[in-house]
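Let me begin by presenting the structure, written as structure tokens, before commenting on it.
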Number of protein chains: 2
Amino acid sequence: MARERKFTDEQLFKATKQMIIQDGYEAFTFSKLAAILHVSRGSIYKYYENKDELISEFLMYEMNRFLHNFNRLDKSGDFQTQLDLLIDFIFEQSNIHQVLEIIQQIPVNTTKRVENNKSRLNEYHIDMYQQFQGLIDLGRKENVIKSHLPTAVLLGMIFQTIAIPNHFNIPQEEWIASIKEVLIHGMLKKD
Amino acid sequence: MARERKFTDEQLFKATKQMIIQDGYEAFTFSKLAAILHVSRGSIYKYYENKDELISEFLMYEMNRFLHNFNRLDKSGDFQTQLDLLIDFIFEQSNIHQVLEIIQQIPVNTTKRVENNKSRLNEYHIDMYQQFQGLIDLGRKENVIKSHLPTAVLLGMIFQTIAIPNHFNIPQEEWIASIKEVLIHGMLKKD
DNA sequence: ATTCAAAGTGACACTGGTGTCACTAAAAAA
DNA sequence: TTTTTTAGTGACACCAGTGTCACTTTGAAT
């Protein structure tokens, strides 16, 4: 060690996240980030060659956190129990949706480090998808899921629901319970 | 009239749409747009004072087109028939989702024309929402919708499903049919 | 106390987008 | 044919972000 750092990775990633989620990939700049962290722009270049590299590192960090938490979930219950847990979990981690979208926006011509991160992020994504797929397979094995529905549709719908904007500020619990209800049993009364 | 124009509004909006949907609001520039249209950048300033104004006009154009088509839909059937038609329609107009998102990104400090367009877009949005709400009300009147589910959740889910990425390229028809099935009756077999 | 290594700074040259404007080009009206 | 009107051009000054680098600061090790 030599001199104390003026900002931690956590602070940097937190600021990055806020900025990117609020205004998008293109609006993220080293200048603004430096201002938030109360350091000079130059100091950030000590750790990241450019914006793409910084963002790809941020995404790795977020993805690791997500997968780590995901792996802690109880995988012992039956399909319905696990689905319930999964949906609750996804809503807790509701930013993962945005994270996955940002991955697509990393440009192509950059540094080795970025390319490396991009392919690792892709692997993670596939890995995550396969774990979810395992859950659907369980549902099929238990013979509770309508067998003609494609797995991609089921996962897509589960995953997409977290991004529904709750404009009317319906209480979180009611909101999630209602979404679960529709996903599992539909919006119509049984006849 | 004096001289012939080198590009039509339609061409301009088409290029704008492509650019914005692909790379986002911030990545849109007059330079790129001028290049696509094979004109000088300066000529675009003859019609739009700046980027925000151009994009807000583009959004008005898209929204008008959407509402115009929407008003052509047959509103005479019962709830299920109309819901079917609506979902098909939304999938046909799948970009409306992105259009609505872009509206939120127009910055605040701009020209009168932009502010004007922004508030009109908001009115349109509310108008559209109310029409959809009318459909849900019909479902409630017909007593086919589960009465405890909030309208916002039902509309949110219907609307959000068009944005599910079909990574595995499941045929459009099967894709839409499956989504309808889940929305209406859920993913589980009836017991 | 001196030295050293990492952290941080700010000035510099550069790039790409912005908005403007005097000017040119072309088509219709006179 | 000349005039008028609108479309289009490209050069200019400007701004904000980029990436670099010689330099300064700071804290720990010798």
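The analysis underlying the following values was restricted to heavy atoms, covering all of them including side chains, and did not include hydrogens, waters or symmetry mates. Each chain gets a letter, A, B and so on, in the order its sequence line appears, and its residues count up from 1.
- With respect to the salt-bridge test (charged N to carboxylate O, under 4.0 angstrom), the residues B:Glu123 and B:Arg120 do not qualify.
- Contact annotation: B:Ser31 side-chain N/O to C:dT18 OP1/OP2 distance is under 4.0 Å.
- Rounded to whole Å, the distance from OH on B:Tyr47 to P on D:dT6 is 11 Å.
- Across the protein-nucleic acid pair, A:Glu49 atom CD and D:dG17 atom C1' stand 17 Å apart, rounded to whole Å.
- A straight line from NZ of A:Lys51 to C1' of D:dT20 spans 19 Å, rounded to a whole angstrom.
- As judged by a 4.0 angstrom heavy-atom cut-off over every strand, B:Phe7 is placed among residues touching the sugar-phosphate backbone only.
- Pairs passing the ring pair (Phe, Tyr, Trp, His ring centres under 6.0 Å) check and including a residue from residues 98-129 of chain B, sequence neighbours excluded, read A:Phe168-B:Tyr129.
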Could you run down the sub-3.5 Å N/O contacts of the protein with nucleotides 21-26 of chain C?
residue	atom	partner	partner atom	Å
C:dA25	N3	B:Arg3	NH1	3.1

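- Taking atom CG of residue A:Asp52 and atom P of nucleotide D:dT18, one finds them 10 Å apart after rounding to whole Å.
- Using a 4.0 Å cut-off between charged nitrogen and carboxylate oxygen, B:Arg113 and B:Glu57 count as a salt-bridge pair.
- Summary of the strand contacts: B:Ser40 and A:Phe30 both lie near DNA chain D, and taking for each the nucleotide with the nearest heavy atom, the more 5' one is attributed to B:Ser40.
- Remark: A:Arg5 is positioned above the aromatic ring of A:Tyr47, its terminal NZ or CZ atom under 6.0 angstrom from the ring centre and at most 45 degrees off the axis.
- Between D:dG17 and A:Lys32, no contact under 4.0 Å exists linking OP1 or OP2 to a side-chain N or O.
- Within a 6.0 Å sphere centred on CD of B:Gln18, heavy atoms belonging to other residues, nucleotides or ligands number 12 at most.
- If you take CD1 of A:Ile44 and P of C:dG10, they are 14 Å apart, rounded to a whole angstrom.
- The CZ-P distance, from B:Arg5 to C:dA28, rounds to 16 Å in whole Å.
- Of the candidate nucleotides C:dT9, C:dC12, D:dG8, C:dC12 has the atom lying nearest to any side-chain atom of A:Arg41.
- As judged by a 4.0 angstrom heavy-atom cut-off over every strand, B:Phe28 is placed among residues making no nucleic acid contact.
- Rounded to a whole Å, the CD atom of A:Glu26 is 14 Å from the C1' atom of D:dA16.
- When the shell of 6.0 Å around NE2 of A:His68 is examined, it contains 12 or fewer heavy atoms from other residues, nucleotides or ligands.
- A cation-pi contact links B:Lys75 to B:Phe70, judged by a cut-off of 6.0 Å to the six-membered ring centre and 45° from its axis.
- When rounded to the nearest whole Å, the span between CG of A:Leu54 and C1' of D:dT18 equals 14 Å.
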